[in-house]
**Student:** 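Take a look at this one; I'll ask things after.
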Amino acid sequence: MTQPHATHVTPDTQDADGTPAGQDPQGTTPAHVPPADLRATLTAQLGQAARAWLDQALDEAAAHPGTHGPISVWELRLAEAGRRCGPAHADAARVLVMHAARADTDALTRVYTQGTADERRAVLHALPHLVPGPDALPLVEDALRTNDTRLVAAALGPYAARHLDAHQWRHAVLKCLFTGVPVDSVADLARRARGDDELARMLADYAAERTAADRTVPEDLHRVLALTESGRPAPGPADPHGKES
Amino acid sequence: MRIFDPHIHMTSRTTDDYEAMYTAGVRALVEPSFWLGQPRTSPASFRDYFDALLGWEPFRAAQYGIAHHCTIALNPKEANDPRCLPVLDELPRYLVKDRVVAVGEIGYDSMTPAEDTALATQLQLAADHGLPALVHTPHRDKLAGLRRTLDVVRESALPTERVLVDHLNETTVKEAKDSGAWLGFSVYPDTKMDEARMVALLREYGPDQVLVNSAADWGKSDPLKTRKVGDLMLAEGFTEDDVDRVLWRNPVAFYGLSGRLELDVTSGEATHEGNSILRGGE
């Protein structure tokens with residue numbers, strides 16, 4: 001789904017990792033929009049019944065976070081978000097429920113492993129808002145092992161941009177080219193690709209393989225290859241795990 | 001001709017089948033959870049299977065423009081295996097998921113006490129979760145099995161009007177219809193129903209509450225049997241509206257009882273040379 005790109009940043013709209021949210025040019029998923037803005041936008045788009053459901057779901061999640069009973073009420077709300085809000089709004093609704101429940105890595109891992117593909121995608125979108133460090137990387141790695149392009153795309157949001165190591169990130173970019181996931185889905189692509197000679201080599205090899213098989217080379221490959229040639233990586237935040245405590 | 005196959009096991013089918021089904025007019029389907037041929041030995045095996053029905057398989061279907069839903073249950077055959085029974089405790093967390101449109105397949109295989117318990121337990125789960133139930137009728141001793149099934153349904157908290165009894169034939173259709181249940185017919189190459197007998201039953205009993213499925217799985221079966229029944233209905237004088245009622249509106253009405261049908265396919269997925277079921281990077 002598409003959310004308007006947030007153009008302003010206030011202290012309470014920072015992501016959990018301290019990065020001001022909404023600054024990414026790929027800011028078109030709930031991973032890129034500060035939760036407060038996400039809620040305002042979603043509320044404006046929902047019909048009356050869905051809006052009432054969302055308000056109640058978020059109140060319940062805030063009042064009863066954590067694990068309780070056979071299944072926590074906020075996890076029930078996650079499961080039913082699609083039929084309550086409609087598929088187009090389910091990702092945003094689910095991210096907001098997880099945010100309201102202040103879900104930590106353990107809770108997100110449970111929700112992911114017990115979730116449908118749609119719920120798993122929403123967890124991936126929620127990571128930058130809820131997990132400050134690299135603890136949730138196994139979820140990203142799990143999603144990148146799938147061949148579900150919706151999960152692969154969601155896995156490569158701001159959380160992966162910040163935390164995924166170079167080897168896995170390069171393979172993820174290559175997998176996008178293999179499976180037709182637009183590289184526009186890859187958060188922070190230009191910064192991470194810049195000066196990455198190994199990625200450039202992998203791209204060139206893939207292009208050669210395609211050409212040898214008399215197949216076309218994806219346009220996105222040329223775009224990423226151009227990005228690798230645009231200079232050395234920027235210091236500091238460009239280094240995965242570099243700024244987390 | 002728009003077709004909703006209300007019972008087909010796509011996990012066992014290929015992408016060629018999806019493509020052929022779409023070409024034939026299939027735009028929606030329900031995949032009931034069932035036996036895999038090879039017996040399961042633990043609840044973990046069920047979990048992976050249920051997760052596939054809620055993850056990978058809907059994705060695959062969407063690539064071919066088909067809306068995928070599923071039903072979740074412990075099937076009758078494996079209800080007899082004590083190693084599998086604990087999965088009953090895990091069903092509630094699956095029954096709340098989007099796109100789970102019924103509890104099923106439940107019912108009888110060999111009509112054992114263990115099957116009695118699993119059937120009654122799962123009818124109660126359906127009632128508790130606001131879901132209808134897809135009830136398989138046994139292959140052996142079918143009429144007795146149907147009668148016992150309907151007795152258990154009547155004793156349950158789930159109204160018979162929220163039950164689809166499946167795999168019916170000439171010997172069971174009348175009692176099933178008299179009960180008020182929805183009527184499911186599986187059309188197979190050699191066993192169960194065939195197209196001509198199906199059309200004859202439609203003429204005798206009418207299209208009301210009748211659903212026709214291919215029940216295609218890993219055995220000898222044909223995912224295009226729904227279309228073949230529709231074609232024969234037209235050839236034998238049924239109207240396009242009759243066909244639409246049996247092959248689309250009836251399944252939509254039955255599974256719509258769940259409130260969870262989502263028939264718009266927005267695959268919205270990346271495709272690569274027209275096919276995104278790729279082995280990318282592998």
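Reminder, nothing fancy here: chain letters follow the sequence lines and each chain counts from 1.
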**Student:** Quick one: which residues of residues 105-118 of chain A reach chain B at under 4.5 angstrom, heavy atoms only?
**Tutor:** Thr113(A), Gln114(A), Gly115(A), Thr116(A), Ala117(A)
**Student:** Does the side chain of His9(B) come within less than 4.5 Å of Phe34(B)'s, by heavy atoms?
**Tutor:**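 Yes, side chains in contact.
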**Student:** Between Leu76(A) and chain B, with a heavy-atom cut-off of 4.5 Å, which part of the residue counts as in contact: side chain, backbone, both or neither?
**Tutor:**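 Side chain of Leu76(A) only, per the 4.5 Å heavy-atom cut-off to chain B.
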**Student:** Given side chains that start at C-beta, do those of Leu96(A) and Pro35(A) come closer than 4.5 Å, heavy atoms only?
**Tutor:**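 A side-chain contact under 4.5 Å exists here.
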**Student:** Show me the pairs that pass salt bridge (Lys or Arg N to Asp or Glu O under 4.0 Å) and involve residues 34-48 of chain B, at least two apart or across chains.
**Tutor:**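 Qualifying pairs: Arg40(B)-Glu78(B), Arg47(B)-Glu90(B).
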**Student:** Ser185(A) side chain to Gly157(A) main-chain N or O, any donor-acceptor pair under 3.5 Å?
**Tutor:**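 No; judged by distance alone, with no hydrogens or angles, the pair does not exist.
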**Student:** Apply the salt bridge (charged side-chain N to carboxylate O under 4.0 Å, His left out) test between Asp98(B) and each candidate in Arg84(A), Arg94(A), Arg77(A); give the one that qualifies.
**Tutor:** Arg94(A)
**Student:** Do Leu53(B) and Tyr49(B) have side chains that get closer than 4.5 Å, going by heavy atoms?
**Tutor:** yes
**Student:** Using 0.5 Å steps for rounding, measure from the CD1 atom of Ile8(B) to the CG atom of Leu29(B).
**Tutor:** 6.5 Å
**Student:** For the CZ atom of Arg245(B) and the CD atom of Gln209(B), what is their distance to the nearest 0.5 Å?
**Tutor:**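 Here the rounded value is 9.0 Å.
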**Student:** Between the side chains of Glu75(A) and Arg93(B), is the shortest nitrogen-to-carboxylate-oxygen separation below 4.0 Å, so that they form an ion pair?
**Tutor:**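 Judged by the 4.0 Å cut-off on N to carboxylate O distance, Arg93(B) and Glu75(A) do not form a salt bridge.
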**Student:** With sequence neighbours left out, which residue pairs that include part of residues 8-27 of chain B fulfil the salt bridge (Lys or Arg N to Asp or Glu O under 4.0 Å) condition?
**Tutor:**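 Sorted result for residues 8-27 of chain B: Arg13(B)-Asp17(B).
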**Student:** Relative to chain B, which segment of Ala153(A) carries a heavy atom at a distance below 4.5 Å: side chain, backbone, both, or neither?
**Tutor:** neither
**Student:** Roughly how far, to the nearest 0.5 Å, is OG1 of Thr228(A) from CZ of Arg201(A)?
**Tutor:** 12.0 Å
**Student:** Go through the atoms of Arg120(A) and report whether side chain, backbone, both or neither lie under 4.5 Å from a heavy atom of chain B.
**Tutor:** side chain
**Student:** Any residues in residues 57-69 of chain A near chain B, with a heavy-atom distance under 4.5 Å, and which are they?
**Tutor:** none
